[in-house]
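The structure under discussion appears below in the form of structure tokens.
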Protein chains: 2
Amino acid sequence: MNQLLRNNIARHVSLSEDQLQQFHDLFEPRLFKKKSYFLSEGQICAHEGFVLKGLFRVYHVDAKGVEQVLYFAPEDWWIADIDSFSNQKPSNLFIEALEDSEVLVISRKNKDLAYEHFPAIEKLFRIMTQKTHVALQRRMIDNLSKTADKRYQDFLAKYPDLYNRLSNRQIAAYLGISHEFLSKIRNKLAKEK
Amino acid sequence: MNQLLRNNIARHVSLSEDQLQQFHDLFEPRLFKKKSYFLSEGQICAHEGFVLKGLFRVYHVDAKGVEQVLYFAPEDWWIADIDSFSNQKPSNLFIEALEDSEVLVISRKNKDLAYEHFPAIEKLFRIMTQKTHVALQRRMIDNLSKTADKRYQDFLAKYPDLYNRLSNRQIAAYLGISHEFLSKIRNKLAKEK
DNA sequence: GAAAAACATTGAACAAGTTCAACAAACGCA
DNA sequence: TGCGTTTGTTGAACTTGTTCAATGTTTTTC
């Protein structure tokens, strides 16, 4: 039983050691090289993944070819296109490894099995989805009410560890601004100090 | 058993008539006059509500006093501050009736009871949260990639029924723009035709 | 270790959206 | 029915952010 996954689960629900092990057995480890894709637009998301090592970006590409990053997923995060995975329909997202990564993946079939056999797993994913939803609501409000400048500083404060692992282009795509403008913000902030 | 609630549930999971009735018995009907609040900032969200009649707005007020609308909830929608309700912590949202409204409410205690006794209810709320999360992701992407002009037109196309029931100020607060600018967009669109 | 590719920075011109102020129209209610 | 409040509109000046193009820097890759 992987420790990172065990702690991730234990943070939300309590499961017996035996059940934890059974749940764990439904996953299989998989490696992703930097720049390889966990999921591409058009594909049906067949697996949900728990990141053990590395870093992914989950993003959308709009009609003009501009990328919007929904979130970054480093160690201890889950990756999937929920919509595509749950409803077995083609995804409109990309999930790309930004570093060589290690993931525990579970198939749709095995996840249904887990839901069926372990009510606590159903609860676990309800709670996790609620939390990510609350976080996204928070981000939505911030995007509507704060300037890019403030959002950048908030990002740095919230994800200090990610800052060194991401290019400014990636951060700009997360903040919803052009990378040129982010460069100007950085310049301005540097001068202020 | 209320028909609107029955259909809302049946759309996602299947429950026996008996279980549906037992679940329904955990709710109580409540009336909200126009301009009254289902929830105010600072309060702990004690109930989750299912709107039978009327219309609510769920919004946040930022440091400058500007309101951001997270969503509108007409008939057949659920209302609550998930974060406050789940974690019993003070809310930073307002949920206000925009029309005289009728709501079925369930307390935190009764909802826990339902989760405990009916696994299908746990599943129901997992699925519903997933759906609202996917919808919010979609909206996040749109806000990052589309102009206010396009977002306004999309809003009209998506919620044609809400259009007549909301002031332009409310719609502007949802789109994340000033009401003056919305007025200019409307003017421009009217001229184009 | 060199060439190619991706990344970061800067400036100038432009587009999108805000703010403030003034006024007209519609609504709520006593 | 009328008065006060909220809502919608418009214009001018301003701020925030984009686009494009040029230049230098760092990373990949073979």
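Below, chains carry the letters A, B, ... as their sequence lines are ordered, and counting in each starts from 1. Every value quoted in this text rests on a predicted model; they were computed, and no experiment measured them.
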Which listed nucleotide (dT18(D), dA21(C), dT18(C)) is nearest to the side chain of S178(B)? dT18(C)

Lys NZ or Arg CZ of K53(B) over F32(B) ring: under 6.0 Å, within 45°: no

For I185(A) and dT10(C), give me the distance from atom CD1 to atom P, rounded to whole Å. 13 Å

Let me know the distance between CG of L182(B) and P of dT7(D), rounded to the nearest Å. 14 Å

Quick check for you: among dA21(C), dT16(D), dT18(C), whose closest atom lies nearest to any side-chain atom of I177(B)? dT18(C)

Roughly, in whole Å, what's the span from NZ in K184(B) to C1' in dA21(C)? 11 Å

Taking dA8(C), dG17(D), dG17(C) as options, the one with an atom nearest any side-chain atom of R151(B) is dG17(C)

In whole Å, what is the span from the NZ atom of K150(B) to the C1' atom of dG17(C)? 19 Å

Here's a test of your reading of the structure: between K34(B) and D149(B), which maps to the more 5' nucleotide of DNA chain C? D149(B)

Could you check how far OH of Y163(B) sits from C1' of dT7(D), rounded to whole Å? 14 Å

If you measure from the Lys or Arg side-chain nitrogens to the Asp or Glu carboxylate oxygens, is any gap between K109(A) and E116(A) under 4.0 Å? no

Cationic tip of R186(B) within the cone over F181(B)'s six-membered ring, i.e. under 6.0 Å and within 45° of the normal? no

Nearest whole angstrom, please: distance from the P of dC20(C) to the CD of E180(B). 10 Å

Tell me which of Q170(B) and N187(B) sits closer to the 5' end of DNA chain D, going by the nucleotide each one is nearest to. Q170(B)

Applying a 4.0 Å non-hydrogen cut-off, can you work out what S183(B) is touching in the nucleic acid: base, sugar-phosphate, or nothing? base

Does R186(A) place a side-chain N or O at less than 4.0 Å from the phosphate oxygens OP1/OP2 of dA8(C)? no

As a test of reading the structure: which of dG8(D), dG17(C), dT9(C) is closest to the side chain of H179(A), going by heavy atoms? dT9(C)

Any carboxylate oxygen within less than 4.0 angstrom of a Lys/Arg side-chain nitrogen, looking at K146(B) and D142(B)? yes

Output the rounded distance in Å from CZ (R169(B)) to P (dT9(D)). 11 Å

F85(B) six-ring face occupied by K111(B) cation (under 6.0 Å, within 45°): no

Expressed as a whole number of angstroms, how long is the span from F181(B):CZ to dG11(D):P? 15 Å

